[in-house]
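These numbers were taken from a predicted model, which means no experiment stands behind them. Start at 1 and go down the list; that is how both ligands and their atoms are numbered.
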Amino acid sequence: MRTQVAIIGAGPAGLLLGQLLHTSGIAAVIIEQRSPDYVLGRIRAGVLEQVTMDLLDQAGVGARAHAEGLPHDGIELLFQGQRHRIDLHALTGGRRVMVYGQTEVTRDLMAARAAASLPTVYDAHKVQVHDFDGAQPRVTYEKDGQTHEITCDFIAGCDGYHGVCRASVPADALKTYERVYPFGWLGVLADVKPVCDELIYANTERGFALCSMRSATRSRYYLQVPATDTVEQWSTGQFWAELRNRLDAEAGERLVTGPALEMSIAPLRSFVAEPMRFGRLFLAGDAAHIVPPTGAKGLNLAASDVGYLWNALADYYNDKSSAGIDTYSDRCLRRVWRAERFSWWFTSLMHRFPDTGAFGQKMQDAELDYLVHSRAASTALAENYVGLPLEL
Ligand code: FAS
Ligand code: PHB
């Protein structure tokens, strides 16, 4: 098989890139190692920046997000038993975020791709990428007992943190930066009414908690747990009891509990691989970088990488210009590092670290007090949370 762009990975980055390339008349094949149901079964992000919403609209898949998503104008910070609202809308001149689960974004993208009969290979095994430092990159994979080959002009590595693309780059061509946090997020998805109309980020003596949602009847909650915890150590009942312990009295009384539709622990790390381009191989999304989910940036960074790559490839094919692909990595990384900084800062501010000590705790308390009582500090939080503009 021959195509213009071979996309590795049918997560949000790969699927969004496929749709955007299609709108520009650029042919692409997506090769995914898992089944569609497996991809949809992963419960992940919940907050979309306007930049992401705009890209979904440009891909022709934003209708349901606009119809069913929940526009949010603010978030609440809970610490020392008090809740403080950060008015995102007022502090950023009218910007907001959309609460709409990654699962639904993926579902919308899958449906659009199927409706357009665009080629997607699921359950592909032993996917490998070849000759991307030359003019004729290739992808090989096994399916139904046969080995298949795709020749292409470019390969988009949208295969996530554990994917094959970054791993196929010679080690001396790559520089990585990483910070692993001493805790994870134990998450529960449940069909219960959310405890609050907006998200609550809590920093308590017992640790961090986040109250989020997917709709007016489906909630998503997280608890900071030690990195050594396993999901088997937690019952649903223990989860609800610990969450209630980390909420203020009013929220604790409003908390509706119920069976968990999904319960999992996500490790937290900050990670960046530089550069994001190797000849005719481009990395996008989690394949190139990971942020702790505190700032709700992971999915949104994947979308902005894809926005840059789409524009670059459209310039190459339609305007015969290589300027976009030559500047892709630098443009992505400037935005990536700003999001890495914000995600690291917000994680450091809202979580309890084993080695903080008495002075460190006083610093955290003072920063939280300053943050909610300074318009300048709240504005800095707000403009990062709603997402920095996409500089095309
Ligand atoms: P993805 O990992 O979503 O998709 C990569 C795809 O490539 C997968 O479908 C995988 O099966 C496929 N693949 C991998 N190797 C392959 C190979 N060799 N061949 C073919 N296909 C291959 N972000 C937030 O903003 N908020 C959150 O709360 C949040 N929670 C998260 C929880 C977890 C457990 C994880 C892992 C991430 C979380 N994230 C969160 C971040 C997450 O939303 C990512 O940013 C987002 O999925 C990035 O999308 P992709 O780059 O498409 O990568
Ligand atoms: C979620 O709803 O899954 C979510 C929301 C905000 C975050 C992280 C996760 O910062």
Query raised in the report: Considering only protein heavy atoms, which is closest to atom 23 (N) of ligand 1, and at what distance to one decimal place?
Result: Ala45 CB, 3.6 Å
Requested in this report: Output yes when the distance from some N or O of ligand 1 to some N or O of Pro293 is under 3.5 Å, and no in every other case.
Outcome: no
Query - Set of residues satisfying side chain to side chain contact (heavy atoms under 4.5 Å, CB included) with respect to Arg64, sequence neighbours excluded - result: Glu68, Tyr100, Glu104, Arg107, Asp108
Requested in this report: Return the residue, atom name and 0.1 Å-rounded distance of the protein heavy atom closest to atom 49 (O) of ligand 1.
Outcome: Pro12 CG, 3.4 Å
Report task. Distance to 0.1 Å, residue and atom name: give those for the protein heavy atom nearest to atom 33 (C) of ligand 1. Result -> Arg44 NE, 3.7 Å
Requested in this report: Report the part of Cys158 (side chain from C-beta onward, or backbone N, CA, C, O) that has a heavy atom under 4.0 Å from ligand 1; answer both or neither where that applies.
Outcome: backbone
Query raised in the report: Given that the side chain starts at C-beta and the backbone is N, CA, C, O, which of these parts of Arg42 lies under 4.0 Å from ligand 1, counting heavy atoms, or is it both or neither?
Result: side chain
Query raised in the report: Residues in ring pair (Phe, Tyr, Trp, His ring centres under 6.0 Å) with Phe208, at least two apart?
Result: Trp185, His351
Requested in this report: Give the ring-plane orientation class for His84 versus Phe79, where under 30° counts as parallel, over 60° as perpendicular and anything between as tilted.
Outcome: parallel
Query raised in the report: Thinking salt bridges, do Lys175 and Glu274 make one under a 4.0 Å N-O criterion?
Result: no
Query raised in the report: Between Val127 and ligand 1, which part of the residue brings a heavy atom under 4.0 Å of the ligand: side chain, backbone, both or neither?
Result: side chain
**Report entry** Partners meeting ring pair (Phe, Tyr, Trp, His ring centres under 6.0 Å) with His148 (sequence neighbours left out)
**Finding:** Tyr141
**Report entry** Neighbouring protein residues of ligand 2 - any heavy atom closer than 4.0 Å
**Finding:** Arg44, Ala45, Gly46, Val47, Trp185, Leu199, Tyr201, Leu210, Ser212, Arg214, Arg220, Tyr222, Pro293, Thr294, Ala296
Query raised in the report: Looking at atom 11 (O) of ligand 1, what's its closest protein heavy atom, distance included?
Result: Glu32 OE2, 2.7 Å
Report task. Would you mind checking which non-hydrogen protein atom is closest to atom 14 (C) of ligand 1, with the distance to 0.1 Å? Result -> Asp159 O, 3.1 Å
Query raised in the report: How does Arg34 reach ligand 1, if at all, at less than 4.0 Å between non-hydrogen atoms: by side chain, backbone, both, or neither?
Result: side chain
**Report entry** Shortest protein heavy-atom distance from atom 43 (O) of ligand 1, along with the residue and atom involved
**Finding:** Gln102 OE1, 2.5 Å
Query - Identity and separation of the nearest protein heavy atom to atom 28 (O) of ligand 1 - result: Tyr222 OH, 3.4 Å
Query - Salt bridge present between Arg2 and Asp153 (N-O < 4.0 angstrom) - result: yes
Query raised in the report: Does any N or O atom in Tyr161 lie less than 3.5 angstrom from one in ligand 1, N or O only?
Result: no
**Report entry** Contact partition for Ile8 relative to ligand 1, non-hydrogen atoms under 4.0 Å
**Finding:** side chain
Query raised in the report: Can you name the nearest heavy-atom pair linking Arg34 to Tyr122, along with the distance?
Result: O-CD2, 3.2 Å
Query - Geometric cation-pi criterion, Arg280 with Phe154: 6.0 Å, 45° - result: yes
Query raised in the report: Hey, is ligand 1 close enough to Gly298 that some N/O pair sits below 3.5 Å?
Result: yes
Requested in this report: Give the residue and atom name of whichever protein heavy atom lies nearest to atom 51 (O) of ligand 1, and the separation in Å to one decimal.
Outcome: Asp286 N, 2.9 Å
